[in-house]
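Notes follow once the structure below has been shown.
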Amino acid sequence: LVRNGSSFVEQSSHLESDKLETTGSMKEFVEVVSARTAIGYDADGRVLFMHVEGQTRQRGVTLYEFADILVDHGFVEAINLDGGGSATTVINDVLTSFPADHCHDPKYRCERKVSTIIC
């Protein structure tokens, strides 16, 4: 998402394979509004984490917008972790984000089980 303090979305979208993308084409994945998560670091080497709430095609940010937000918050390098219903943040066993997925009862939202864990 961010390389050398600037957005790298356009360049990286041409390097990725959209054969594995479930949202649709790579263009759609990059341009759809959705929840997003990223990890990176700032100029002092501090690790930074960013989460933006959303729901695919309804609210959130595009990858272009997300990269701009990351740069504005001091990220020098950053990678996209996940988005949409998989974008869940838990800190010290406490859910700190608003899940986008509906539970078995549509009145409620539940976090999706994902395998990306940062310790």
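For the single chain, residues carry numbers from 1 onward in sequence order. Source: prediction; values computed, not measured.
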Which residues share a side chain to side chain contact (heavy atoms under 4.5 Å, CB included) with Val9, sequence neighbours left out:
Leu1, Ser7, Val30, Leu63, Tyr64, Ala67
Under the rule for salt bridge (Lys or Arg N to Asp or Glu O under 4.0 Å), what residues qualify as partners of Asp93, not counting sequence neighbours?
none
Is the shortest heavy-atom distance from the side chain of Asn80 to the side chain of Phe29 under 4.5 Å?
yes
Set of residues satisfying side chain to side chain contact (heavy atoms under 4.5 Å, CB included) with respect to Ser6, sequence neighbours excluded:
none
Residues which pass side chain to side chain donor-acceptor pair (under 3.5 Å) with Thr89, listed by chain and number, not counting sequence neighbours:
His51
Validation: residues 37-44 side-chain donor-acceptor distances under 3.5 Å, sequence neighbours left out:
unit_1, atom_1, unit_2, atom_2, d
Thr37, OG1, Asp82, N, 3.1
Thr37, OG1, Asp82, O, 3.0
Asp42, OD1, Asp44, N, 3.0
Asp42, OD1, Gly45, N, 3.1
Asp42, OD1, Arg46, N, 2.9
Asp42, OD2, Arg46, NE, 2.7
Asp42, OD2, Arg46, NH2, 2.7
Asp44, OD2, Arg46, NH2, 3.3

Residue pair Glu77 / Asn4, side-chain heavy-atom distance below 4.5 Å
yes
Would you check if His73 and Leu48 make a side-chain contact, meaning some heavy-atom pair closer than 4.5 Å?
no
Decide whether Met26 and Phe66 are clustered together by the hydrophobic rule: side chain heavy atoms of Ile, Leu, Val, Met, Phe, Trp, Tyr closer than 4.5 Å, transitively.
yes
How would you list, by chain and number, every residue that makes a salt bridge (Lys or Arg N to Asp or Glu O under 4.0 Å) with Glu31, sequence neighbours excluded?
Lys27
Side chain to side chain donor-acceptor pair (under 3.5 Å) with Glu53: which residues, sequence neighbours excluded?
none
For Asp72, what residues pass the side chain to side chain contact (heavy atoms under 4.5 Å, CB included) criterion, not counting sequence neighbours?
none
Would the distance check show the side chain of Arg36 and the main-chain N or O of Val61 forming a donor-acceptor pair, the cut-off being under 3.5 Å?
yes
Results of side chain to side chain donor-acceptor pair (under 3.5 Å) for Arg3 - residues two or more places apart only:
none
Who pairs with Ala78 by side chain to side chain contact (heavy atoms under 4.5 Å, CB included), at least two apart in sequence or on another chain?
Val2, Leu70, Phe75
Indicate, with yes or no, if Ile79 and Val47 share a hydrophobic cluster defined by side-chain heavy-atom contacts under 4.5 Å among Ile, Leu, Val, Met, Phe, Trp and Tyr.
yes
